[in-house]
Amino acid sequence: MTTHTEKIPCTLIRGDGIGPEIVDAALHILDAMKAPFDWREQTAGLVAIERGGDPLPETTLANMRETKLALKGPLTTPVGSGFRSVNVRLREALQLYANVRPGLSLIPDGRFTDVDVVLIRENTGGFYVGVEHFIPIGDDPRAVAEASGFLTRENCTRIAKFAFEYALRTNRQKVTVVHKANILKKLTGLFLETVTNVSAAYAGKVELEERIVDNCAMQLVLNPSQFDIILTTNMFGDILSDEIAGIIGGLGLAPGANIGEDAAMFEAVHGSAPDIAGQNIANPTALLLAAAMMFDHCDLSDMGNRLRHAITQTLQTPSTRTRDLGGKLSTTDFAKAVIDRL
Ligand code: NAI
């Protein structure tokens, strides 16, 4: 077991909506575990707008560049108009190019009990670059809308190598590359071509298969246990990881890591859930599982395993689950139940 005499500096962003509630729950549990993190709290999102007008203050970014590690609650992004997604800006600014989203069956009475898939999403390109505009025609200034997607061979190679190395490191056998190269022939065609090229170096160790995204979406619903690692582009990854969350029981159970060469940020897959914010009913499991991934990242896998074990034990029976999973526990009581099982 790794022992830390010095605490590990870690940026903490509570986030919007249910963010502060689930972050509080996670901090209670991590405190109970004596997790060796030195929290450096920063603001982002709606709170940061209220304080200084910018949803991603330079001080927050500078702090993350210094600690190189962050635990983050969800951040609200207005639909349609308004500021650009802080999440996307963070991933770009820190070059957190790999989004790792595991989907594991944790509920024994769930719809599927044998799902163990890791979705790896290219996190910096595709349609998320935010290059879009309206073209006016006549007196309609918004007669046509146009969006561009960007992917470079370099970035495709980077994420492909990450996925295959991840497969080797975690003893996974197969990478399924998911694309839409029949329609987006260049944008996702380059992705497919590059991943296929990179896979040659792993032949005999990690198998490569390919799926068109629509087929993958259907196969996930029919037989999710056929997938091991799914490697895909930014938008497909966003959509399919919510689908995987639904398959394993809901967004309350799906964690994610955003990994780059110089920094890593851990969060839930879900958003700020404004519909249930402030009610102490949100499920903190996704953020807790993200914290477990952060332990692994910091070479503290013993602590990660201890946390995952306590969560799994707590989720065994409906009586110790939150409402989204058919239970009655509040966010805070769920946290206490996890602490009891640590
Ligand atoms: P959402 O993921 O916040 O919520 C979708 C549904 O799942 C809601 O009914 C919500 O109550 C439920 N839900 C989500 N997390 C839950 C939890 N922990 N426990 C119990 N129920 C939970 O998606 P939505 O409503 O589309 O987005 C809300 C905001 O979050 C938007 O502004 C969006 O841009 C932002 N967002 C932020 C993300 C991030 O910070 N990484 C990721 C996804 C969305």
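Order of appearance sets the numbers: ligands from 1, and atoms from 1 within every ligand.
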- request: Could you tell me which residues satisfy side-chain contact (heavy atoms from CB on, under 4.5 Å) with Pro274, sequence neighbours excluded, listed by chain and number?
  value: Ser272

query: Does the separation of the ring centres of Phe295 and Phe37 fall below 6.0 angstrom?
result: yes

- prompt: Using 4.0 Å as the upper bound for N to carboxylate O, is an ion pair formed by Asp296 and Arg169?
  reply: no

Arg158: partners by salt bridge (charged side-chain N to carboxylate O under 4.0 Å, His left out), with sequence neighbours left out: none

query: Who pairs with Glu193 by salt bridge (charged side-chain N to carboxylate O under 4.0 Å, His left out), at least two apart in sequence or on another chain?
result: Arg153

Taking a 3.5 Å cut-off between nitrogen or oxygen atoms, can you list every pair linking ligand 1 to the protein, with distances?
| residue | atom | partner | partner atom | Å |
| --- | --- | --- | --- | --- |
| ligand 1 | 2 (O) | Gly271 | N | 2.7 |
| ligand 1 | 3 (O) | Gly271 | N | 3.3 |
| ligand 1 | 3 (O) | Gly271 | O | 3.4 |
| ligand 1 | 3 (O) | Ser272 | N | 3.3 |
| ligand 1 | 3 (O) | Ala273 | N | 2.7 |
| ligand 1 | 9 (O) | Asp275 | OD2 | 2.8 |
| ligand 1 | 11 (O) | Asp275 | OD1 | 2.9 |
| ligand 1 | 11 (O) | Asp275 | OD2 | 3.0 |
| ligand 1 | 15 (N) | His270 | ND1 | 3.4 |
| ligand 1 | 18 (N) | His270 | NE2 | 3.2 |
| ligand 1 | 18 (N) | Asn283 | O | 2.8 |
| ligand 1 | 19 (N) | Asn283 | N | 2.9 |
| ligand 1 | 30 (O) | Ser272 | N | 3.0 |
| ligand 1 | 30 (O) | Ser272 | OG | 3.3 |
| ligand 1 | 32 (O) | Thr77 | N | 2.8 |
| ligand 1 | 32 (O) | Thr77 | O | 3.0 |
| ligand 1 | 40 (O) | Lys72 | NZ | 3.3 |
| ligand 1 | 40 (O) | Leu75 | N | 2.8 |
| ligand 1 | 40 (O) | Asn87 | OD1 | 3.1 |
| ligand 1 | 40 (O) | Asn87 | ND2 | 3.0 |
| ligand 1 | 41 (N) | Glu267 | OE1 | 3.2 |

query: More than 12 heavy atoms of other residues, nucleotides or ligands under 6.0 Å from NZ of Lys328: is that the case?
result: no

